[in-house]
Structures are given as C-alpha cells and as structure tokens.
Amino acid sequence: MESYDLICVGSGFATHFFLKKWLELAPPGQRALVLEKGQRWTHADHLRGLPKASTPSFHAKGSRDKRWIFTMAFGGSSNCWVGNTPRLMPSDFQTRTLFGVGEDWPMSYDDLETFYLEAEQLMGVAGPDVTPFPRSAPYPLKAHRMNAFDRALQRAWPKDMFSLPCARPTESIGTRPRCCASSACKRCPVDSKFTILNGMATTSADPRVTVLADHDVLSVDVAGGAAVGVRGRNASGEFRIQSDLIFLGANAIFNPAILLRTDPNGPPQTGLGITEQVSVKVVAETAGIENFDGSTYMTGHGYMFYDHENRKERPAALVETRNAPLIRNLKDRWRDIGHFKLIYEDVRRPENRVSVNGDGAPTVHFEGHSAYAMRGVEESQRLAEALVEKLPVESLSVSGPQRTESHIMCSTPMGNDEKTSVVDRNLRHHTYPNVIVGGSSVFPTAAAANPTLTLSALSLWAATKNLR
Amino acid sequence: MGGNKEPSLKRRTWLGLGIGTLVAAAAGATVRFGLPDKKERQQGKAKGQELTGTLIEALQDNFDYIQLLEEDAKTYVRDYLAANGSKRVRRKSGLPEDFFTTFLLSTDFFVRGAKTGTQVKYLSFYDPEKLPCQHPFAKFD
C-alpha cells in the first residue's frame, strides 16, 4: 500500500498554509500527499465558470432559505472568496468570559499574533497603519483608498472606521497585478486577488508534495487509537493510503462528515453547531457625497458596533462597505449613494448539525441562526440609522437577512474539554491525536469578521505546535 | 372523501386522443407537442419587437438629458434582455432600476465626465467579469 509521511485532505487555505509550514519543519526526505475531491482547474477554467455546481455534494434540510457556498476544486474556496482579511478582535477569543455567550477559544489573540503576521505576508495583504486590533508590524502593502462614503463615515466615527484589509494588492506581487477595482472578485478577471493557484503554487509544486485531484476521502483508517491512513474513492474505485499524520483541511461540512464516518462514537460535538455569520444589506441615498472613488471592490470596515457595551444581549456587528458602482437613476446625483452590509456574529446551536446518512453523503440540518444573532438582525434599522446619523442621508433601505455569508464554520470546534469540543488548542483530534483538523470548522464561535485569515493563521499555528 | 383529487382523463377521452393522433399521422399532418407554429412564432416575434420598442422609449424618456442613438439603445436592450431575461422587465411594479443605471455604465457617459446634453456612445454591456478594470470612478492614489 502507498505510504506518505503526511496526508492532507482538501487543498484550500487550511491545507496549503499547514503544508507550507510542514515543508519548512519536516525532516529531509519526507513526503506529503494532498487529496482533493474536486478537479484541478486553471484560473482560465474558473473564468469560464468551472466547476459547475450541478452535482450536489451534500443534502440540506431545515431552513429552505439557507445557502452554503464553497468551491469544490483544487485551491478550494480561495477560487471564489473575495479576499477580505480582517483579523478577529481580541474579544472574539473570549466571548464566554466577557459576555456570557458562545465559548471561549482555547487560545488568545496574542497566541495567534505572529501567525497572523505570517499569513498576511504570504497573502500580500494591503491594510491601514492604524487598525482596531493590535499589530506588532505593519501590513505588507499600503492600504486601499477608501471611498467618499467611507471617508464621511470616518469623519463621523474617527476611531472606528478603517480601510478594509484585503488580499487584493495595491501593487503587483509576483504574477499578481495590482487590483484594478473590477469588482468581480469571486472570479477575479485579472487574477489579482490571492488564491492558492496564484499565491501558493510553489508549495504544491514542491518535489516532496504529490497532489491527486478527483480523490474523495471518505474516512480515516484507525487502529489502536491512532490514524494509520485514509480511505476513499476515485474514478478507478476505492483507494487506501497509509500515513501516520493526517491533516483534515476540508470545509465545515466535509471535515465532520469524514470524522463521523471514521468513528460515529467519537467526540459528541462532531458535526454539531455548524453556522456562519448573518448579515443585512443597507443602501443609503445621500446628498453631496460623490461616492465610489475607492480603489477596490470593498473599501471600508466599521467597528463602531463591534465591542459594544450590550454584547451580552446582542451580537457584535461589522460594517463592510462596498465600492462597486451602484448608481442612482437621478440626474446629477448618480453617485449620491452608499451601500454596505451589517454582519453579525453567531454562536453554535446543537440543532444545526452535519450528519452522515446511509449513502455516506453529508446532510446539513440548519434550523436557523441563534436568537442572539437574530437580535442583531432585528436591530439593523436602528444600527443603520445610528451609523449614518451625522451623514447627509436622504433615505435608508435595509434588506435581509442574506441567505449566506459563504463562511461555513463551527462544526468541529476546538476546546480543552472533550465533551464540548472535537479538537484541542493545537487542533489535534481528542480521540485520534495524529489527526489534525484545520479550517473554519474548528472555530468555537462565528465571529463577525471574515474567517479566512484566521483559519490560515491557525494552520500555521497547528503545524508549528505539532511539528516543532 | 374530501381530499384533493388529481384531474384525470376518462378512458374514452384517451382512446379518442389516441385515434385522433393516429389519423392525423396517417394523413401526413404535423402532430405538435407545444412547439410554436409559424403564426405563433410571428406573434412571439411581434411581442418581442413590441417589448424592445417599449424599452427603447423608456430609455429615451428617462435619459432626456443626453443624446443617444436609437441603434445604441436597441443594442443595449438586446444585451440587457440577453443578460436578464424578459420576465424581469415585465414586472407590474415597473422596470427594474438597474435597467437604467446599467445603461449609463455601459456607455462612455461617466468616462467622459458625465456631461449632459451630449451624445453618448454605447461601449458594451456592463459586465466587470468580461471587461475588467472598467470601474468608471475608482481612484488609485
């Protein structure tokens, strides 16, 4: 049987950031295998609309309005993300202690800080000099230009409004050109935003690494309380490959599904709590703000409703403004408009879960966001009015909640207690410690900030903690 | 029983339909199942032309502050309908707002400084995925 020193399942952010560090730390001569369920498309293929989402890879039950968005292909959802890279706030790691909601993360912001820096370097993040979260070094690239609506908000909220940090570069990096504000980021037409394909090509091309696409890992082979390999299927039939180090870097639907198929009697939280943030859209018609002169798709982040005094009762909200031209049909006032989202954090509910049925396919049961998150949604009109109170706004329209934030999380949470979590602070599985689980499935809470930078930093952290 | 009953065709009706079809086929007639005939196609074409005409007029009425060539308006309407389908513009609540705003973004109006009273030129349907780097207001200082 084939054997490798490391098998990574999935090929998105989680795997590649783990693999990058593993290649630095592994003893000479070791080999790694990356198994990807989807195909290996090029950027040109993605621009042509591939992969087609015609074959459902999971079942969905419960709320009919809910959508779960991801890309199943080499590079995972780096192919379809828009590239926003805020860090979590220090408070996001301690929501139980500080606000009595959710669960504390088994690590602090300070623990992750240097890994955040490293992930930002690898992605080539553009961000501001002053940030709402503490930083020990500047961003690699200068910040994007905020648009006129952002600047008006910044005048009204000088301590809380910032240029949005993102992996859409303000100058060219390697093969990636400077972002030219096409505002079609899900499939960046000029290949500017960071993706695994354009930013981590050297990692998967390393001679110690083998990548096999079209390989669907179904479960981890275990013996004597440890993993000994993986098994799955591909076009040729079933396969089994040996390794004594497994990294699960699939998303928050497939990571728990693999673990449930491996051991239905594993940690009881496996698959429970799947969720993501919930958001509303707001359009503000303004007077005298000639908008959309920012330098990228989304340009502003507002933290005025994040660490607020009532976070025990209602969730943190992140304001995320857009610079894509949404013009008014009004002579001489075409650009007198601003649009943004209010994005609310969520906490895990056991009713929302991933299970595996008879045919082996995962089923996502989603009964709705927590009452805590929905109290935020219900407050949206008031928050939007408060946000623009000092701005020349003629009308506000709030719509939502949106069906998805495309950030699936929380289904194999990390923690110190085996009863309330699936992996430990170093992302080692509680039952099979040579299985490391990565990605946003390990988040104990769904913070309002975008998760990709944090899950990438966590992969660097896990590789360092487990291999050094 | 008071439950909903599926509408069903009686046996005699089925027989009648079957015989009718056979007779028609034997006589060399064209048996159609939902495909439009020439008259219906002409009617559909006429409906499409009527819709195009209405939309061109709507553009001209809305943009009375710029000069637009009828040919450009026609091309835009064709492209808009191709991208959005005609159902979206037949809503009772009126034309979608983006029908007008996308037109402006598809022309050289903003690129030329949003000068009213001048003639605008239709460039191509505004689709940032197909035509990158065309944000008309972005600044990169």
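Quantities reported herein were computed from a predicted structural model and do not represent experimental measurements. Numbered from 1 within each chain, the chains take letters A, B, ... in sequence-line order.
Neither the backbone nor the side chain of Phe99(B) comes within contact range of chain A; no heavy atom of the residue lies under 4.5 Å from a heavy atom of that chain. Using a 4.5 Å cut-off between heavy atoms, Phe110(B) touches chain A through its side chain atoms alone. Interface remark: Thr102(B) contributes no atoms to any contact with chain A (heavy atom separation under 4.5 Å). With a threshold of 4.5 angstrom between heavy atoms, Asp127(B) does not approach chain A through any atom at all. Neither the backbone nor the side chain of Lys186(A) comes within contact range of chain B, judged by heavy atoms closer than 4.5 Å. Neither the backbone nor the side chain of Leu131(B) comes within less than 4.5 Å of any heavy atom in chain A. In this structure, the portion of Asp332(A) lying under 4.5 Å from any heavy atom of chain B is its side chain and not its backbone.
For Lys281(A) against Gln402(A), the heavy-atom pair with the smallest separation is CG-NE2, 3.5 Å. Nearest heavy-atom pair across Val125(A) and Pro165(A) is CG1-CB, 4.2 Å. Across every non-hydrogen atom of Ser406(A) and Ile69(A), the tightest pair is OG-CB, 3.5 Å.
When each of Ser192(A), Cys188(A), Pro189(A) is scored by its heavy-atom pairs under 4.5 Å with chain B, the top score falls to Pro189(A). The candidate from His144(A), Arg328(A), Glu290(A), Arg178(A) with the greatest count of non-hydrogen atom pairs under 4.5 Å with chain B is Arg178(A).
Shown here is Asp129(A), whose CG atom has no more than 12 heavy atoms of other residues, nucleotides or ligands within 6.0 Å.
In this structure, Val319(A) and Leu342(A) have side chains that are in contact, with non-hydrogen atoms separated by less than 4.5 Å. Proximity of Gln67(B) to Gln60(B): side-chain heavy atoms (C-beta onward) are nowhere separated by under 4.5 Å.
Ring planes of Phe103(B) and Tyr76(B): perpendicular class, angle over 60° (limits at 30 and 60°).
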